[in-house]
> 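The structure that follows is given in the form of structure tokens.
Residue numbers start from 1 in every chain, and the chains themselves are labelled A, B, ... in the order their sequence lines are given, proteins ahead of strands.
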Amino acid sequence: MATDADVIEVRGLKKSFGPVQALRGVDFSVPEGRVLGLLGPNGAGKTTAVRVLTTLLLPSGGRATVCGYDVARHPGAVRRLIGLAGQATAITPELTGRENLEISGRLYHLGRSVARRRAAELLGRFDLVDAADRQAKTYSGGMLRRLDLAASLIGQPRVLFLDEPTTGLDPRSRLGMWAIIKDLVAQGTTLLLTTQYLDEADELADEVVVVDRGQVIAAGSPDTLKDRVGGDVVEFTVTERRQLEVAVSAVAPLSQGPPSVGSEGLRVQVHAADRGSAVLVDVVRALDAAQVATTGLALRRPSLDDVFLSLTGHGAEEAASDGAGRRRSRPARRGAGPAEAAEPAGPAGVARASGPAGAGTTVTSGTTAASGTTAASGTTGPEEG
Amino acid sequence: MAVSGRSVAPELTVRAPGGASLPGLSTPPLAQRLGWALSDTLVLTKRNLIVWARVPAYIFFTVVQPVMFTLLFRYVFGGAIRVPVPGGYVNYLIPGVIGQTAGFASFSTAIGFARELQRGGIDRIRSMPTARWAFLAGRLIADVLRLLVTVAVMVGVGYAVGFRFSGGAGYAVAMVGLAALFGLAICSVSAFIGLAVKDEESVQAFGLVWVFPLTFVSSAFVPVRAMPSWLQGFANRQPFSEVIDALRILALGHPVQAAVGQSLASATWQSLAWVAGILAVFTPLATRAYKRA
Ligand SMILES: Nc1ncnc2c1ncn2[C@@H]1O[C@H](COP(=O)(O)OP(=O)(O)O)[C@@H](O)[C@H]1O
Ligand SMILES: [Mg+2]
């Protein structure tokens, strides 16, 4: 609940664009020094929320405050406290990295020498020293994102807003970005970040708010969210039916709750909470010791799609643009990895990620499509709408 | 007014973030804000000029193209067009081309804004404490400075091909000043177009369409008397003709007054009235489009 220490407070926030209701009464708050992840698919209203909070849009209803200042009534005060790195990078490509930062600093009303010093600091911190005096149009996608983040930090904001900071980045740049963001957070920055990736929210956020079609459909710590989804799952198929029982009892001690057996009768799922990689290894050992032959051994990490399936009974998909909330049902869930879900964001010339989902996960969620069932889901709720 | 120490040590202790406990966040005094607004404008002007200097196409557009126009008209049409000014067609032409340039220079204003909106960079600036209108002013000032570069180049080329100021240095300076003011007014129209259209390709395609008839159906290149009579009414009354006639009188001195059918005073006042009128309509429109962008 809201306390004095809440740096961001959003109550009943609404925003319509003509007939489109981008936000339909959203509530959340972020205490000082904490990280809130706004998690949702394309069109959920994440960017709209960020734009209202950063004084770029006036709300149609409800209230939003930053450090106690109402964003609609005291935009000037809010602007002096915040930093924003939007979904599209705000870099002038013809200027060098250093010039971009120094100019941003001057526009935050830093003195010339202070702007220069901070620009140099940030270039060092974000590993851009070698490229500092090259025009930004020569930068890679990851470098541009880092430069953009640096520009949002030059005024030393108390509250930082990052709108999909890793969308469109390749897995390696994505990991680099995560490290930078964690470092910022360790220094006490209050952060609101939006993302389409569950693993990103899990990695970075203290608190996750799941938005869908302009509404909050769940909120809580990443762990609670993952508990609802069921966490990591280690799956395998027993080659011979008579070995099924042996297999299940061999892996039972490793599973959080009893392992599930798929409808076709040979597919076993071990629930691994957030210890997927470790459990995967243990499962291999246990099956080996029990001399069970298996195929299709895989670790599956829950994705945004799983969250949506468990919360709403439908997968994460782009909101109907009329906002009417019609939903198409989806035959099978798919992992929503960055490559699939990424919109063509990012500046021209940035290669879109084509790598596997969730950098850092040992096994991709690609296996998901194969399995029709998961223990996680409890999915069979009726389609609403 | 950086907030103290945030980056030095984690400040996780609870501190009421209400307005009272944050030093320096009350509205700063007017003088301070004006100072910032001015500095914001200068910084953005400088940024735009640096970008301009680094894009060869912009330089071509600012320098090479107007020179080409000057030479083409001077030598291709020059012999065929009889003009009522002393010194021949080149003296008639140069003030006309300068007026036209003011129109063409505005193209980069529209493109610049549309590009910036499309890139999304505008969100960052609008979320910063940067003065609202500095973004507009920074571009308009940079574009007018570029126009002045073009005018200087054209006067130089003009001198090489026979053009002479004959009204004296004061009038020559006044001519350049009027051209700059007119350029500012036309750029404000383009600023509105760029900010309202928001799409670089559309602006590329349509951003100059309105300038062509206004510059060619004017007194810029041929005397209005030489046009079909149904065009003359429009050609005589539209702002490009008014301003170009005034530029001509300022450049060539009093003998031209009779030739263009106006006195120096009336031509100048009418031009300034156009400039003021255009600015009065289009700066608020551009500002509104910027806020909504
Ligand atoms: N300026 C706008 N005009 C009209 N509709 C908009 C505008 N901005 C966003 N929308 C609509 O609002 C909804 C939410 O968009 P957005 O906040 O960008 O979602 P997200 O960032 O979660 O992908 C979408 O349906 C989108 O089409
Ligand atoms: Mg978005």
> Side chain, backbone, both or neither: which part of A:S152 has an atom under 4.5 Å from a heavy atom of chain B?
both

> For B:W210, enumerate each residue passing the side-chain contact (heavy atoms from CB on, under 4.5 Å) test, keeping only those at least two apart in sequence or located in another chain.
B:S106, B:I186, B:V189, B:S190, B:I193, B:L214

> Using a heavy-atom distance cut-off of less than 4.5 Å, which residues of residues 37-50 of chain B contact chain A?
B:S39, B:D40, B:V43, B:L44, B:R47, B:I50

> At a 4.5 Å cut-off on heavy atoms, which part of B:I125 comes close to chain A: side chain, backbone, both, or neither?
side chain

> Under the ring pair (Phe, Tyr, Trp, His ring centres under 6.0 Å) test, which residues partner B:Y58, sequence neighbours left out?
none

> Check whether any side-chain heavy atom of A:D148 lies under 4.5 Å from a side-chain heavy atom of B:R124, and answer yes or no.
yes

> With sequence neighbours left out, what residues match A:D133 under salt bridge (charged side-chain N to carboxylate O under 4.0 Å, His left out)?
A:R98

> Quick check on A:T54 against chain B: is it the side chain, the backbone, both or neither that has a heavy atom closer than 4.5 Å?
both

> Determine the minimum heavy-atom distance between A:R79 and B:P129, stating which atoms define it.
O-CD, 3.5 Å

> Could you tell me the separation between the CG atom of A:L57 and the CZ atom of B:R126, rounded to the nearest 0.5 Å?
7.5 Å

> Look at the side chain of B:T130 and the backbone N and O of A:L107, then say whether any donor-acceptor pair between them is shorter than 3.5 Å.
yes

> Roughly how far, to the nearest 0.5 Å, is CE of B:M128 from NE2 of A:H109?
8.0 Å

> Could you look at A:E102 and say if it's the side chain, the backbone, both or neither that has a heavy atom under 4.5 Å from chain B?
neither

